[in-house]
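Note that the coordinates shown come from a computational prediction; the quantities given were computed from them, not determined experimentally. Chain A is the first sequence line, chain B the second, and so forth, proteins listed ahead of strands; every chain is numbered from 1. Keep in mind that the numbers below use all heavy atoms, side chains included, and drop hydrogens, waters and symmetry copies.
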Amino acid sequence: EPEVTQTPSHQVTQMGQEVILRCVPISNHLYFYWYRQILGQKVEFLVSFYNNEISEKSEIFDDQFSVERPDGSNFTLKIRSTKLEDSAMYFCASTRQGLISGNTIYFGEGSWLTVV
Amino acid sequence: AQSVTQLGSHVSVSEGALVLLRCNYSSSVPPYLFWYVQYPNQGLQLLLKYTTGATLVKGINGFEAEFKKSETSFHLTKPSAHMSDAAEYFCAVSNPQGGSEKLVFGKGTKLTVNP
């Protein structure tokens with residue numbers, strides 16, 4: 001079964017450093033997402049991406065965050081200057097024709113980011 | 001704004017017993033509803049979803065859920081728990097009519113299955 005893959009599975013970074021989390025969505029999917037889960041808290045929506053642009057973002061997704069689809073397969077989340085409160089599990093997800101169409105969102109296994 | 005409330009952060013059942021995980025949602029428009037499961041050290045896996053049509057939805061691993069609009073609920077059930085069902089379960093809601101691609105999750109319920 002096709003799956004969303006994420007790298008790295010775990011990254012430790014120093015506060016203030018830039019981090020790039022990488023994702024390979026399912027190959028024929030058109031909509032891409034990032035979610036995060038701070039330890040012990042809810043899974044929270046960060047951003048959705050379609051047709052090479054952000055289609056929706058949450059208030060969490062401020063100027064220190066950016067997303068990019070640099071080629072036909074990867075989808076990345078960049079955190080420009082990490083803060084302690086950015087420590088969380090980050091989930092990438094994708095769907096063929098969008099959640100609005102009733103499609104299933106498929107999630108990756110997550111990238112655990114620890115900021116020290 | 002949409003929200004999801006999952007009653008009980010921890011639920012413990014005996015193997016073979018009924019599993020009932022509760023989910024109530026708040027939405028001003030007909031929502032899409034989802035249950036996801038997360039096994040230890042793994043990602044989120046869809047168990048089942050309600051979009052339109054039949055309100056009783058069957059999913060994987062013997063789970064089912066019923067959309068009850070009058071009660072704004074989407075409780076997850078399984079007649080007989082297996083040890084392998086031990087995991088964390090998340091209810092989620094979306095707002096398709098509002099044109100949103102966002103899933104709003106509940107806080108999750110950790111299910112323990114005792115032998």
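- Contacts of B:Tyr36 with chain A are made by side-chain atoms alone, with heavy-atom separations under 4.5 Å and no backbone atom involved.
- Between chain A and the residues B:Gln38, B:Gln42, B:Lys49, the largest count of heavy-atom pairs under 4.5 Å involves B:Lys49.
- For a heavy-atom cut-off of 4.5 Å, chain A lies close to B:Phe90, B:Ser94, B:Pro96, B:Gly99, B:Ser100, B:Glu101, B:Lys102, B:Leu103, B:Phe105, B:Gly106, B:Lys107 in residues 86-115 of chain B.
- A:Val47 is connected to A:Ile79 through a chain of hydrophobic side-chain contacts under 4.5 Å among Ile, Leu, Val, Met, Phe, Trp and Tyr, so both are in one cluster.
- Heavy atoms of A:Thr104 lying under 4.5 Å from chain B belong to its backbone as well as its side chain.
- Note on B:Val13: it clusters hydrophobically with B:Met83, by side-chain heavy-atom contacts below 4.5 Å among ILVMFWY residues.
- Near-neighbour residues of residues 49-62 of chain A relative to chain B, defined by a heavy atom under 4.5 Å from a heavy atom of that chain, comprise A:Glu56.
- Placement of B:Val19 and B:Val37 within a single hydrophobic cluster is found when ILVMFWY residues are connected by side-chain heavy-atom separations under 4.5 Å, directly or transitively.
- Across every non-hydrogen atom of B:Leu44 and A:Phe107, the tightest pair is O-CB, 3.6 Å.
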Worked verdict on B:Phe34 versus A:Leu99 for side chain to side chain contact (heavy atoms under 4.5 Å, CB included): CA-CA 11 Å; B:Phe34 306 81; A:Leu99 186 59; 3.4 Å; yes
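- Taking 4.5 Å as the heavy-atom cut-off, the residues of residues 15-40 of chain A that approach chain B are A:Tyr31, A:Tyr33, A:Tyr35, A:Gln37, ordered by number.
- Clustering ILVMFWY residues whenever any of their side-chain heavy atoms sit less than 4.5 angstrom apart, transitively, puts B:Tyr50 in the very cluster that holds B:Leu47.
- The contact between A:Ile105 and chain B is made by backbone and side chain atoms together, counting heavy-atom distances below 4.5 Å.
- Taking hydrophobic clusters as Ile, Leu, Val, Met, Phe, Trp and Tyr residues chained together by side-chain heavy-atom distances below 4.5 Å, B:Tyr39 shares a cluster with B:Trp35.
- Heavy-atom proximity under 4.5 angstrom to chain A picks out nothing from residues 59-81 of chain B.
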